[in-house]
Amino acid sequence: VQLQASRGGLVQTGDSLRLSCAASVRTFRWYGMGWFRQVPGKEREFVAGISRTGNSLVYGDSVKGRVTISRDSAKNTLYLEMNSLKPEDTAVYYCVVSKCAYAATTTVEVGSWGRGTQVTVSS
């Protein structure tokens, strides 16, 4: 499974940022997808997930209300729109593919990981 994530970046507190992740047609058609993030020294944290059909969305408590996950079937691309960013959102963000049609909310449920992209929010 190949996942091509966009570059993250350096933003300021309160800014918005959109991450994208391109996947193969097969991956996009059959599996749930999502985003996790990790800070050095800490475990990977669930950010957001979306089912294969896009009908089911799940968000982590720390980002709920500030992020929106979506998928574009025509482009086979997953998106994560992040608003009102905070310094504690600074992390490496990973695009993931679930092992099934539903969103993976734990690392055990993840079938494939993207390479990760750094997002840094300055105060």
Side-chain angles (χ1 to χ4, degrees):
V1 175
Q2 279 194 324
L3 299 170
Q4 191 75 26
S6 62
R7 286 189 177 182
L10 172 63
V11 298
Q12 294 186 333
T13 298
D15 282 355
S16 296
L17 183 68
R18 187 177 80 163
L19 301 178
S20 64
C21 176
S24 68
V25 173
R26 179 179 179 276
T27 295
F28 213 80
R29 180 177 296 174
W30 296 110
Y31 297 96
M33 297 185 71
W35 297 89
F36 281 69
R37 68 185 183 186
Q38 187 171 29
V39 174
K42 293 190 176 182
E43 293 184 352
R44 289 185 179 181
E45 176 191 16
F46 169 72
V47 177
I50 186 168
S51 63
R52 176 181 70 86
T53 62
N55 292 335
S56 177
L57 309 178
V58 189
Y59 295 99
D61 289 339
S62 61
V63 300
K64 200 172 292 183
R66 299 188 297 117
V67 307
T68 302
I69 188 170
S70 61
R71 57 195 297 163
D72 186 332
S73 298
K75 297 181 179 180
N76 298 320
T77 300
L78 176 74
Y79 298 99
L80 183 70
E81 183 77 37
M82 300 186 288
N83 301 306
S84 302
L85 283 163
K86 307 174 183 180
E88 48 264 45
D89 293 318
T90 296
V92 175
Y93 284 72
Y94 295 90
C95 173
V96 304
V97 179
S98 302
K99 292 180 179 177
C100 66
Y102 298 99
T105 59
T106 67
T107 56
V108 174
E109 296 169 316
V110 174
S112 298
W113 295 86
R115 280 194 174 183
T117 185
Q118 178 70 46
V119 172
T120 302
V121 184
S122 65
S123 57

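Proximity of Thr107 to Trp113: side-chain heavy atoms (C-beta onward) are separated by under 4.5 Å at one or more points. Ser6 places none of its side-chain heavy atoms less than 4.5 Å from the side chain of Thr117. Residues Arg66 and Asp89 have side chains in contact (heavy-atom distance under 4.5 Å, counting atoms from C-beta outward). Between Glu88 and Val121 the shortest side-chain heavy-atom distance does not fall below 4.5 Å.
When all heavy atoms of Ser98 and Ala104 are compared, the pair lying nearest together is OG-N, 2.9 Å. Of all the heavy atoms in Ala48 and Tyr59, the pair that sits closest is CB-CD2, 3.7 Å. Nearest heavy atom pair, residue Leu3 against residue Gly114, reads CD1-N, 3.6 Å. The two residues Ser51 and Arg71 come nearest to each other via the heavy atoms O-NH1, 2.8 Å. Among all heavy-atom pairs drawn from Val39 and Thr90, the shortest one is CG2-O, 3.4 Å. Shortest non-hydrogen contact noted between Ser123 and Pro87 is CB-CG, 3.8 Å.
Atom CZ of residue Arg37 and atom CZ of residue Arg44 lie 14.0 Å apart, to the nearest 0.5 angstrom. Summarising the geometry, atom CD belonging to Gln118 is positioned 9.5 Å from atom CG belonging to Leu10; distances are rounded to the nearest 0.5 Å. Rounding to the nearest 0.5 Å places CD of Glu45 at 9.0 Å from CG of Asp61.
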Side chains of residues 75-83: which donor-acceptor pairs under 3.5 Å do they make with residues two or more places apart or in other chains?
| from | atom 1 | to | atom 2 | distance (Å) |
| --- | --- | --- | --- | --- |
| Thr77 | OG1 | Lys75 | O | 2.8 |
| Asn83 | OD1 | Ser16 | OG | 2.8 |

Determine all donor-acceptor pairs shorter than 3.5 Å in which one atom belongs to a side chain in residues 28-36; sequence neighbours excluded.
none

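Under the 4.5 Å side-chain heavy-atom criterion for grouping Ile, Leu, Val, Met, Phe, Trp and Tyr, Ile69 is not connected to Tyr102 through any hydrophobic cluster.
Under a 4.0 Å N-O distance rule, the pair Glu109/Lys99 does not qualify as a salt bridge.
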